[in-house]
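Remarks on the structure that follows.
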Amino acid sequence: MTSARLLGSLILRPLRRDRLRSGLTLLSVALGVAVVVAIDLAGEAATGSFRSSLRTLVGSTDLEITANGGMDETWIARLAALPFNARFAPVLETQAEIPGAGAFPLYGVDTLAGARPPAALPAGIDPDRALFVSQPLAARLSLHPSASLTLLLNDRPQTFQVAAVLPAEAEAEYLVLDVAAAQKALNAYGKLDRIDVYVSPREDFARVEQAIRGLLPPGYLIERPGARSQENQRMLRAFRWNLRVLSYISLVVGAFLIYNTIAVSVVRRRAEIGILRALGATRAGVFWLFLGEALMFGLLGSLAGVALGRFLASSIVGLIASTVNSLYASSRPAPISLGPAEILAGVVAGALVAFLSAFAPALEAMRVPPTEAMSRGAHEHHARLHWRRGLLWAALLAALALAASRARPVAGNPLGGYTAALLAIGAAALAAPALVLLVNRLTRAAARRLFGPEGLLAGRSLAASLSRTSVVAAALATAVAMMASVGIMVGSFRETVLVWLDTQLRADLYLRPAGRTTAGQFPALSAELQPVVAAVPGVEAVDVFHGLEFLYQGDRVALGGGILEIVRRYGRLRFLPGEDRDAILRSLPGQDRCIVSEPFANRHGVRPGARLALPLGGRVVPVTVAGVYYEYSSSQGYIVLDRSTLLKYLPRQPPTNLAVYLRPGADRRSVRREIERRVAGYRVVVAPNQALRQNAMAIFDRTFAITWALEGVAIIVAMLGAANSLLALVLDRRRELALLRYLGASAPQVRRMVLLEAGFVGLLGNTLGLALGAVLSLLLIFVVNKQSFGWTIQFHPPVGLLSAALLLVWGATVLAGLYPARVAARLNPSEVIHEE
Amino acid sequence: MFSSGEARCAPRYNGYSLTTSPRLELRRVSKTYPGNGQPLQVLHEISLEVPAGAVTALLGRSGCGKTTLLNLAGAMDFPSSGEVLIDGRATSSLNDADLTLLRRRRIGFVFQFFQLLPTLTVLENVELPLLLAAARGAREAALDRLRWVGLEEKAAVLPYQLSGGQMQRVAIARALVHSPDILIADEPTGNLDTASGDQVLALIRQAAARFGAAVLMATHSAEAAAIAALRVRLRDGRIESLERS
Ligand SMILES: Nc1ncnc2c1ncn2[C@@H]1O[C@H](COP(=O)(O)OP(=O)(O)O)[C@@H](O)[C@H]1O
Ligand SMILES: [Mg+2]
């Protein structure tokens with residue numbers, strides 16, 4: 001007999017007969033794969049588009065020169081004097097808001113020197129007001145040459161005239177000004193953000209690079225193009241890893257279900273396997289037969305999953321992109337691209353999961369002796385004896401998990417934490433049979449008293465099919481554990497952030513330029529605003545804060561400068577235990593000293609007393625770390641100097657925020673109205689403390705929305721599994737159920753019995769899941785999060801939410817039992833007996 | 001024996017008192033299965049009164065319709081035409097709840113294969129009909145029946161540890177635990193060696209003779225037929241002969 005024929009008759013035919021169960025298994029694999037594919041595609045699209053759209057405009061550069069805080073434009077002339085055939089192009093880069101349309105990159109480039117925008121302006125357009133618009137943006141806003149357009153730049157609206165529409169690749173939406181016009185518009189005379197270098201192919205590139213380095217001050221950075229995009233990718237790595245790992249949950253739950261399906265199929269067909277073996281089928285043949293069944297589920301399920309994933313990706317890409325924008329850097333989602341590589345990856349993932357989860361049951365099938373005629377009762381009796389062994393293995397895995405959780409991160413990845421989580425799941429699955437027996441024994445008397453003979457029968461039948469009950473319980477427990485652990489983690493994090501916001505946001509009012517707030521963007525406030533605000537009656541103090549994007553050892557961080565004496569007097573900044581807040585803040589003004597946020601300290605292994613070499617403008621300044629403070633808004637980290645120190649090295653750095661402290665007894669609303677009146681000529685937002693907090697929490701919740709969605713899918717997959725397994729239990733016990741009817745059981749009694757089984761499985765899944773979830777949450781909080789993002793989260797389990805969720809899952813499990821219960825109640829007993 | 005059951009032996013189904021009508025009667029019963037494509041008529045106008053206190057044997061080749069007839073008689077299935085009357089009342093006129101009650105109080109079943117629930121102990125298996133009916137005194141009644149079939153010492157054992165004959169005796173104990181007045185047995189000795197078969201037959205005869213049940217038993221074996229007061233021979237769904245002894 002060929003194995004193809006075998007597969008046909010032994011595997012495919014029963015699968016076709018059990019269409020619903022096969023469909024449920026396929027669906028759960030498909031959902032698992034879909035989630036993985038969707039997260040990957042959406043993550044890629046949401047974070048993969050940092051490539052400056054300028055590239056398409058000016059062609060590819062060879063080197064980029066940048067400096068923290070910008071650079072002086074006079075360097076262009078000095079660089080051009082170098083005896084090489086190279087061109088140096090000035091670039092300003094910022095974000096412009098078009099009211100009603102959104103924020104877009106605005107580039108200031110040398111329109112006269114070789115770049116593609118037409119050198120000659122149409123007649124009648126003021127060169128300082130001439131704006132070039134990329135074709136896709138012009139099309140979207142229906143802009144034509146000589147149309148006028150108002151942009152919000154920093155805190156000022158300014159009107160420009162469209163000089164030309166620039167051809168650009170699809171979806172590249174940006175604006176261009178001549179560099180001089182941009183400097184004027186941004187009030188940044190003589191300043192550049194970047195110098196792009198184009199080297200003639202005939203020059204010795206290394207020598208040119210060396211000469212440039214020799215000429216420029218040490219604080220300037222010379223990078224190959226793409227370095228920036230790589231920095232972004234690196235910065236987002238932990239974020240994407242966390243998402244990816246979350247997306248694997250559903251796949252893990254799916255693995256349990258494939259295991260379950262194949263194990264059921266082996267148990268059901270033991271006699272058939274025995275006959276086959278007696279007829280001469282080899283052990284390997286039987287092994288591959290069942291692996292073949294699993295692979296079929298894996299392949300078909302993942303093909304469907306890839307398609308579904310592509311579809312899901314487009315609905316979540318916006319969500320991920322908004323998180324990236326508010327936490328990391330401004331990006332705009334790229335189109336989702338599902339290439340052969342992604343399809344292959346999805347299918348391989350599904351097939352691999354299928355293969356691994358079917359391995360054990362297939363081995364068991366292989367070991368069925370040709371003389372096999374054992375009844376299920378005896379077989380399960382066998383399984384019951386193994387719970388002790390399972391418990392021992394569980395203890396071993398738990399010990400290994402503990403060891404793994406102590407490991408240091410590998411290249412910034414908390415691999416040890418992830419391994420520990422996986423081991424803990426394995427331990428829980430192995431401990432499941434013992435738990436099933438234990439809970440069964442503990443609840444036996446109560447079940448009988450409460451539910452009578454249905455309780456007795458349900459409890460017995462679950463204990464009798466111990467291996468199967470355990471797998472369903474473990475699958476459900478995994479999903480519940482993921483939900484519980486992420487719930488505990490997010491709940492704790494949220495509480496931590498709430499408490500932190502309270503210490504961080506002590507001022508009454510905050511001013512910033514209007515327009516979208518995006519991580520990595522620091523639009524400037526006009527310098528004259530501070531005295532205006534300070535003069536408003538009722539204002540006690542105004543803290544001026546300067547924020548700027550800052551490159552530190554190849555890491556994008558944020559550098560800030562504030563009036564730390566005001567922070568000391570009015571604020572409540574919290575430092576790590578053992579550090580003296582007052583002394584630290586007193587020690588900063590006028591000194592080359594800084595404080596750093598906890599994530600920065602953890603990322604760079606910095607403690608108080610350490611010296612940082614900060615490239616500020618052209619100079620590299622040694623700065624002493626005075627203290628480490630708690631901060632949760634950026635995993636990249638903050639370095640904060642006193643304003644006096646910052647301005648000493650970057651004298652032209654504009655302020656970005658004002659924090660206004662009111663006199664005691666001053667009426668916050670009337671002061672706010674007065675400030676708004678006096679700064680009416682500027683486009684700034686005057687926000688009360690409350691609004692900032694709410695905004696921060698909104699960002700927080702948005703960030704974790706996707707996490708919740710992933711949890712939901714894992715739970716749904718587990719539910720499908722529960723329904724699937726209960727249905728298998730019902731179908732396998734048709735004769736028993738029919739017999740019960742002959743013995744006087746009513747249809748409602750049979751239905752109640754199956755629902756009780758569902759309830760019991762749900763109870764087990766929840767109990768085990770909660771225990772596992774608590775362990776996983778500790779791993780998430782103290783290992784994974786700490787190592788990935790560097791912050792300390794206080795443990796605050798959201799008890800109410802968690803209990804509600806568990807109750808919901810339990811209810812859903814019982815609901816998942818409704819269909820199998822209906823099937824059981826509707827069996828026609830005389831027909832079932834006739835089948836014998 | 002039957003100490004606790006005896007009192008409950010009087011007919012009491014849904015308030016019906018003992019009437020002149022026979023306990024179990026089939027009137028021109030036909031049964032047709034839809035089959036695939038062509039309907040299959042299994043029973044043709046069978047009329048039969050099953051006497052109380054005696055064994056009625058249903059004889060005939062495999063496939064002649066014995067099991068079908070037993071299912072109709074036990075109200076587990078309904079005739080396509082004709083009536084199955086229990087105490088003069090047609091089973092087809094009863095709703096699901098009434099049928100369940102009928103089974104719980106009046107009817108016991110014994111099968112050839114697959115008798116016992118593998119996950120319940122012997123005692124629990126025997127108790128089960130009373131538990132399902134929420135009747136009191138289940139444990140005592142079950143122990144009583146087990147004693148009667150001589151398997152009291154196996155009460156706490158799981159079925160897979162029993163021999164085939166022992167299983168069948170437990171099944172009979174269970175079929176009679178609620179003191180039914182109708183016992184339906186489908187080839188109860190079909191799967192047993194002679195010695196075990198004889199034991200089972202003795203029990204079935206007692207159920208009829210000593211406890212007054214109307215026993216309807218399908219069988220192949222001559223030994224089984226020998227205990228019957230009435231032998232009904234079926235052939236292709238029709239009664240071939242009726243023979244009293
Ligand atoms: N539920 C059913 N559906 C279709 N055909 C059936 C069903 N039950 C019995 N039959 C058919 O009716 C005939 C009689 O069966 P059965 O009463 O079991 O005979 P016996 O018990 O005498 O061996 C057989 O041909 C059988 O295939
Ligand atoms: Mg039969």
Side-chain angles (χ1 to χ4, degrees), chain A residues 373-382 384 440 444 447-449 451-466 468-469 729 732-753 757 825-836, chain B residues 31 33-34 42 63 67-78 95-121 124-135 138 158-161 171 174-175 177-178 180 184 186-187:
Chain A
M374 246 196 284
S375 68
R376 187 164 67 89
H379 176 70
E380 286 290 352
H381 181 70
H382 208 57
R384 193 185 292 216
N440 198 263
R444 182 180 290 176
R448 236 189 116 160
R449 199 158 339 109
F451 305 109
E454 296 96 309
L456 169 76
L457 289 165
R460 279 312 160 74
S461 100
L462 283 175
S465 23
L466 178 59
R468 197 178 307 172
T469 311
L729 274 174
D732 278 4
R733 282 186 304 155
R734 292 161 59 83
R735 294 176 305 178
E736 265 180 63
L737 296 173
L739 181 62
L740 282 176
R741 299 297 306 280
Y742 273 92
L743 296 180
S746 63
Q749 277 178 315
V750 170
R751 185 180 316 125
R752 208 149 43 223
M753 188 180 100
E757 291 180 17
R826 292 211 170 168
L827 284 179
N828 179 342
S830 62
E831 241 168 59
V832 174
I833 295 287
H834 165 69
E835 285 165 15
E836 293 312 304
Chain B
K31 179 69 181 176
Y33 287 116
V42 180
T67 300
T68 303
L69 198 151
L70 292 186
N71 275 327
L72 297 177
M76 291 305 296
D77 203 354
F78 306 99
N95 64 21
D96 212 50
D98 287 340
L99 286 167
T100 301
L101 277 180
L102 180 69
R103 246 172 264 147
R104 283 180 181 173
R105 298 185 175 167
R106 312 266 327 253
I107 306 175
F109 288 93
V110 180
F111 309 92
Q112 178 177 4
F113 301 109
F114 197 75
Q115 291 281 24
L116 304 180
L117 289 157
T119 58
L120 300 188
T121 65
E124 286 165 340
N125 259 289
V126 177
E127 276 182 304
L128 194 60
L130 294 177
L131 293 180
L132 287 169
L158 284 173
Y160 76 94
Q161 292 162 293
R174 186 183 57 195
V177 72
H178 53 309
I184 308 277
D186 195 356
E187 309 197 22

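Quick note: numbers below take in every heavy atom, side chains included, and nothing from hydrogens, waters or symmetry partners.
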Between [X] and [Y], is any pair of side-chain heavy atoms under 4.5 Å apart?
{"X": "S746(A)", "Y": "R104(B)", "value": "yes"}
{"X": "F111(B)", "Y": "L739(A)", "value": "yes"}
{"X": "R448(A)", "Y": "L131(B)", "value": "yes"}

Give the minimum heavy-atom separation between [X] and [Y], together with the two atoms involved.
{"X": "L132(B)", "Y": "Q749(A)", "result": "O-NE2, 2.9 Å"}
{"X": "A747(A)", "Y": "D96(B)", "result": "CB-OD2, 4.1 Å"}
{"X": "S461(A)", "Y": "T119(B)", "result": "CA-CG2, 4.2 Å"}

**Request:** Check whether any side-chain N or O of R460(A) sits under 3.5 Å from a backbone N or O of L120(B) as a donor-acceptor pair, and report yes or no.
**Result:** no
**Fill in**
Listed by number, the residues in residues 70-78 of chain B that come under 4.5 Å of chain A (heavy atom to heavy atom) are N71(B), M76(B), D77(B)
**Request:** State the CD-OH distance between E831(A) and Y33(B), to the nearest 0.5 angstrom.
**Result:** 8.0 Å
